[in-house]
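Below is one structure, written out as C-alpha cells, with a few remarks after it.
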Amino acid sequence: MKYLDEYRDSKLVHTLLDEINHSLTRPWVIMEICGGQTHSIMKHGLDQLLPEGIELVHGPGCPVCVTSQEMVDKALLIASQPGVIFTSYGDMLRVPGSTGDLFSIRASGKDVRVVYSSLDAVKIARENPDKQVVFFAIGFETTAPANAMSVLYAQRLGLSNFSLLVSQVRVPPAMHAILAAPGNRVQGFLAAGHVCTVMGYWEYVPIAHQYKLPVVVTGFEPVDILQGLLSAIRGLENQMYEVSNAYSRVVTYEGNQPAQKIINQVFAECDQKWRGMGNIPGSGWCLKPDFFQFNAEGKYQLSKVVSLESPLCISGKILQGLEKPLDCPAFARQCSPEHPLGATMVSAEGTCSAYYRYGRSK
Ligand code: SF4
C-alpha cells in the first residue's frame with residue numbers, strides 16, 4: 001500500500017538500525033511521546049532490535065490514559081442525570097472512575113452513546129431537542145479543532161441542549177513537567193507526528209534550548225520511528241539541541257494554521273489535571289467565557305467531585321517515563337485488558353496495554 005509499505009520496508013529498517021549502531025558511543029534514554037508510537041514499537045519489535053545502549057521510555061501521549069479520574073467521575077455523574085444523552089469516544093467507556101465506568105452507567109439504563117466525532121454529538125442534539133446532549137471532549141491538540149468546530153456549529157444552529165465536558169490537554173507543558181520532575185531520565189524526545197500536523201513544531205524550540213536536548217518530530221511506522229531515533233541520537237552524540245522534523249511528508253514548522261485559529265477562537269489555555277501526573281499549569285484548553293453555555297461543568301455543578309485511584313496502579317510514573325509496565329506488581333496479575341485497574345491498560349493506545357498485547361514480560 002502506497003505510503004505504508006515503504007515505511008515498513010525491512011531492508012530500510014536494517015539499514016537504519018546499522019546507522020543507529022554506528023552513531024552510538026554511549027547509552028541514551030529517549031521518550032516517544034505518543035501511545036501510537038509505543039504500540040508501533042512493540043508491535044514491530046523495535047525495542048528488541050535496538051542496541052542495548054538505547055532505552056526507550058514511554059510518554060503520556062495517550063488521551064484516554066491522561067484524562068483525570070476526577071474528569072471520568074464527572075462524566076459518570078452527568079451521564080447518570082435524567083434527560084441526558086452522554087456521548088463519547090468508545091475508548092472512554094471502559095475507563096474506571098471511582099465508582100464504575102460509563103459502560104456500567106449504560107447498563108443501568110442511562111443513555112450513553114459512542115460517537116466517532118463531536119459533530120455526531122451535535123447531530124444527536126438536533127434530533128433530540130427535548131434532551132441535553134453532552135460530549136466528552138477529551139484529547140490532545142489533534143481533537144481540539146473538531147471539538148472547537150462542534151461548539152461553533154452548535155452556536156450557529158442555536159442549540160441550547162448541547163455541551164462539552166472538556167478535558168483537552170496540550171503536549172508542550174507536559175514535556176516541561178516531565179523534564180523538571182525529580183528523577184527525570186529523559187534525554188531526548190520523539191514528538192508525536194499527528195499533534196505536530198495540527199500545531200507544527202515551533203512550540204518545541206524553546207524546550208529543546210532550555211533543557212538542552214533534541215526533539216524530533218516523528219511518525220508512526222517502523223522506518224519513521226527509526227529515522228526519528230537516529231536523528232535524536234545524532235543530536236545527542238553531537239550535542240546539537242534542536243528540533244528536527246523526521247515526518248516532513250506530513251508536518252510543517254507552522255502546522256495547520258486554520259485549525260489553530262479555530263482552537264484559539266473557542267478555547268483558552270488553562271491549568272489541567274492529568275491522570276497520575278496531577279495538575280500541570282497551562283496544560284489544558286478550556287472553553288472561553290463567550291461559550292459558557294456550552295460548558296457541561298457549568299450546567300451540572302460538578303465542583304465537589306472527590307476521586308480515588310487504585311493504590312496498586314503506577315500509571316502516573318509510567319506516563320512520566322519514570323517506570324515501565326513490568327515494574328508494576330499488578331501487571332498481568334490483578335490488572336489486564338479484561339480487568340483494567342488503570343487507564344494505561346484500558347486504552348488501545350495505553351503503554352500497559354501495548355506490553356500486554358505484544359507479550360512483553362520480565
Ligand atoms: S498494569 Fe494496570 S495497575 Fe499497573 S500501572 Fe498498568 S494500568 Fe496501572
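Side chains are part of it too, since the values below use all heavy atoms of this structure and drop only hydrogens, waters and symmetry mates. First listed ligand is number 1; within each ligand, the first listed atom is number 1.
The closest side-chain donor-acceptor pair between Thr143 and Gln168 falls under 3.5 angstrom.
Within the structure, disulfide (SG to SG under 2.5 Å) contacts touching residues 67-101 (residues at least two apart or in different chains) do not occur.
Checked against a 6.0 Å centroid threshold, the rings of Phe220 and His194 count as neighbours. The aromatic ring centres of Phe136 and Phe86 sit less than 6.0 Å apart.
Nearby protein atoms of type N, O or S around atom 8 (Fe) of ligand 1 amount to 1 (distance under 2.8 Å).
The disulfide (SG to SG under 2.5 Å) test applied to Cys62 returns Cys65, not counting sequence neighbours.
Counting Ile, Leu, Val, Met, Phe, Trp and Tyr side chains that sit under 4.5 Å apart, directly or through other members, Leu312 shares a hydrophobic cluster with Leu341.
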